[in-house]
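Every chain is numbered from 1, with letters handed out A, B, ... down the list of sequences. Nothing here was measured: the structure is a model prediction, and the numbers come from that model.
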Amino acid sequence: MAVHNTEIASFFERIADLLEIEDENPFRIRAYRNAARTIRGSTVSMSYLLKQGKDLSTLPNIGKDLAEKIQLIVETGDLPLLGEIEARTPPTLSDLLKVQGLGPKRVRLLYKELDINTLEDLRRAIQSGKIYTVKGFGEKTVKALMERINSYSTEEKRTKWLLARDIARPLLEYIKQCEGVRKVMLAGSFRRCKETVGDLDILVTAKESKKVMECISHYDEISNVVSMGSTRSTVILDCGMQVDVRVIAPESYGAALVYFTGSKPHNIELRKLAQKLGYKINEYGVFKQDKHIGGKTEEELYKKLGLNYIEPELRENTGELAAARNGSLPQLISLKDIRGDLHCHTNATDGHCTLSEMASSAREKGYEYISINDHSKRLTVTHGLDEAQLLEQIRQIDKFNAKSDDIVILKSIEVDILEDGSLDLSDSVLKELDFTVCAVHYKFNLSQQKQTERILRAMDNPYFTILAHPTGRLINQREAYEIDMQKLMMAAKQRGIILELNAQPDRLDLNEIHCKTAKELGVKLVISTDAHSQNDFDYMLCGINQARRGWLEAENVVNTRSLKELRKLLKRK
DNA sequence: GCCGTTTTCGGCCCGACTGTTTTCAGTCG
């Protein structure tokens, strides 16, 4: 059983947490965290690299020691060091770190002084008043802690990007009308277009920050003010979303935007680079000695460091700085590159609109083509089509196309991949289609080997064109099923099969690391909305966001092509 | 523990806000 990168990263993160509580050398702790990030963000698995005989210490943030530890984890599934640390320091303490306001120092203190190991221990110490005997725990701190314990949940509360946008909109409008406000920008992970957003980071430029802060504190959707200083504040909205606002002078706009957009590892890397060049970067600008020499715009800041402008979606410290230095940043795909949508449903199965309604929405988007991909018969809950019904739909599409003088509907199906790797409809009808979209909709819990073989067998069918939502994950709801993605991609490449990036905000499947891998391997991709109604075509934006974070360019994505070129790409090798 | 146009040691990003230990540590982004 291959060990996943996320598991290896998690070993190192757990070690870092516990070492931090033990008050170890902070740089050693950072080394573990940096290594974890490298591993988590790697497009290839560590097990695969080791099998290839690659020296892992050539990877960034991985030295000789950690390379050996990775190898140990891959070979044995375990790391003795973690066990040793856990024998000294209870692993449950890292749960306490997740409580806002509790950092390593306080967790350590509570453990040493009152033997507090768990959230429950902490609650009891507060209720009995014992906690006041610990230095540094005064009335306000304890009251805030109690509130946070009560609202604490083990589920990470991250909001899907699209919903975050809707929450942010009225707040941004409100801030814009505050006196003295010039610009208002949504930064943070939202601006980097992450799948989910933990909190909203809002940057405001204004000459007088105090007045703006005052105005923001009167927004009527605020349920709690966590902190409110003269230039920075943190509030919780009624919906539970945390909002961090930073007000800064207009001349610092670019530097502040870089700072507030992050990611943190990207910023750290930028600041290190600045140091090397004899500069200092903070949210106010670029400084040489104490002289302000730049920072009005982001472009200017990057330029001072000898870098091309880096799009927010790339700012994760996964190679973008090097690419910006040597001029090899990707020309990221954008919404306007998209010429059609290759995964749409109608009311023939579980969609809500007719074929011509879907086509007319797509026409409004300026698309040249869409395809209709209703479900196949096995998916009975959706009234999946059997062979005869599909033939009937094909006739309808032919009729539509005969009359349409602009948009073309391609004939297709979202056909189920059965457990034995066969497809849910016979070849005799599949061959009547322009192409197929093939998907796994049941038996998610097969072993990695079986699941991979199932899909590989399906790919052997000459009518298999596109693999839909390749991992089956649903964000915050369902884990991806186990597959050997590297193997699937290699097989797709050999056969000329296309992988779908499903743009549904719940799916975003492939993830950004898969996208980057596919690009590196030369596997063709398609971005599709899986639209079940006319409005769903708007999900294309989410797919584009994801593609951009995966470094994709228009040429990597088949539905940026004209219909003529697309038809060629849909042909199997 | 990693890293190197300051290479095998001595560094390691930078600043705001809070509460409390009245001068700053702890936490967070």
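In this entry the distance linking CE of A/M146 with C1' of B/dG19 reads 20 Å, nearest Å. Rounded to an integer number of Å, the gap from A/E147 CD to B/dG19 P is 12 Å. Atom pair A/F287:CZ and B/dC14:C1' shows a separation of 11 Å (rounding to whole Å applied). Counting to the nearest Å, the C1' atom of B/dG1 and the CD1 atom of A/I15 are 12 Å from each other. Distance A/L203 CG to B/dG15 C1': 15 Å, rounded to the nearest Å. Regarding A/I39, its CD1 atom lies at a distance of 13 Å from the C1' atom of B/dG1, rounded to whole Å. Between A/L273 atom CG and B/dC14 atom C1' there is a gap of 15 Å when expressed in whole angstrom units. A/N224 has its CG atom 12 Å from the P atom of B/dT18, to the nearest Å.
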Which parts of nucleotides 24-29 of chain B does protein reach within less than 4.0 Å, heavy atoms only, written one letter per nucleotide 5' to 3' as B for base, S for sugar-phosphate only and - for none?
--SSSB
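Side-chain proximity of A/K280 to B/dC14, B/dG19, B/dG1: nearest is B/dC14. Of all nucleotides listed (B/dT18, B/dC14, B/dC13), B/dT18 comes nearest to the side chain of A/M228.
Residue A/Q275 has no polar side-chain atom (N or O) positioned under 4.0 Å from OP1 or OP2 of B/dT6. A sub-4.0 Å separation between OP1 or OP2 of B/dC3 and a side-chain N or O of A/K64 is absent. Between A/N282 and B/dG15, a side-chain N or O to OP1/OP2 separation shorter than 4.0 Å is present. Between A/T141 and B/dT20, a side-chain N or O to OP1/OP2 separation shorter than 4.0 Å is present. For the OP1/OP2 pair of B/dA16 and a distance below 4.0 Å, the side-chain nitrogens and oxygens of A/Y284 include at least one atom meeting the criterion. OP1 or OP2 of B/dC12 has not a single side-chain nitrogen or oxygen of A/R28 nearer than 4.0 Å.
Separation of the P atoms belonging to B/dT23 and B/dC28 is 25 Å when rounded to the nearest angstrom. Across B/dT27 and B/dT21, the matching C1' atoms stand 16 Å from one another, rounded to whole Å. Look at the P atom in both B/dC12 and B/dT7: the space between them is 14 Å, to the nearest Å. Between B/dT22 and B/dG15, the distance separating the two C1' atoms is 22 Å to the nearest Å. With both ends at atom C1', the span from B/dC14 to B/dC9 equals 25 Å, rounded to whole Å. B/dT5 sits 43 Å from B/dT18 when the C1' atoms are compared, rounded to a whole Å. Atom name P, nucleotides B/dA16 and B/dG11: the rounded distance is 25 Å, in whole Å. Rounded to the nearest Å, the gap between the C1' atom of B/dT8 and that of B/dG4 is 9 Å.
Heavy-atom distances under 4.0 Å link DNA chain B to A/K135, A/G136 of residues 126-136 of chain A, given in residue order.
Counting heavy atoms from C-beta outward, A/N317 and A/I268 have side chains that stay 4.5 Å or more apart. No side-chain heavy atom of A/E195 sits less than 4.5 Å from a side-chain heavy atom of A/R158. Taking 4.5 Å as the limit, every side-chain heavy atom of A/M146 sits out of range of all side-chain heavy atoms of A/V142.
No side-chain donor-acceptor contact under 3.5 Å links A/T76 and A/D78. Side chain to side chain, A/R37 and A/N34 meet the donor-acceptor criterion of an N or O pair below 3.5 Å. For the residue pair A/N511/A/R549, the side-chain donor-acceptor check at 3.5 Å is not satisfied.
Here A/E269 lies out of heavy-atom contact (under 4.0 Å) with every strand. Counting any heavy atom pair closer than 4.0 Å across all strands shown, A/K69 reaches sugar-phosphate atoms only and no base atom. Within the 4.0 angstrom heavy-atom criterion, only backbone atoms of the sugar-phosphate kind lie near A/L66; the bases stay farther away. Heavy atoms of A/I62 sit under 4.0 angstrom from primed sugar atoms or phosphate atoms, though from no base atom. Using a 4.0 Å heavy-atom cutoff across all strands shown, A/S233 reaches no nucleic acid atom at all.
Geometrically, A/K183 engages A/Y253 in a cation-pi contact defined by less than 6.0 Å to the ring centre and at most 45° from the axis. The cationic group of A/R14 lies under 6.0 Å from the six-membered ring centre of A/F11 and within 45° of the ring axis, placing it in a cation-pi geometry.
Of the nucleotides present, none pairs with B/dT8 by Watson-Crick or G-U wobble criteria with both distances under 3.5 Å.
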Distances for protein N or O near nucleotides 8-11 of chain B N or O, under 3.5 Å:
none

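If A/I281 and A/D65 are placed on DNA chain B by their nearest nucleotide, the residue sitting closer to the 5' end is A/D65.
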One pair to check against side chain to side chain contact (heavy atoms under 4.5 Å, CB included): A/R169 and A/D166. What are the steps and the verdict?
CA-CA 5 Å; A/R169 261 185 193 154; A/D166 294 341; 4.0 Å; yes
For the pair A/Y132 and A/F137, evaluate side chain to side chain contact (heavy atoms under 4.5 Å, CB included) and give the outcome as yes or no after the intermediate values.
CA-CA 6 Å; A/Y132 291 110; A/F137 286 83; 5.5 Å; no
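By the 30° and 60° cut-offs, the orientation of the rings of A/H292 relative to A/F287 is perpendicular.
With a 6.0 Å radius and a threshold of 12 heavy atoms from other residues, nucleotides or ligands, A/E179 has its CD atom at or below the threshold.
Counting only distance, with no hydrogens or angles, the side chain of A/S45 and the backbone of A/Y48 share a donor-acceptor pair below 3.5 Å.
A salt bridge links A/D17 with A/R33: at least one charged nitrogen is closer than 4.0 Å to a carboxylate oxygen.
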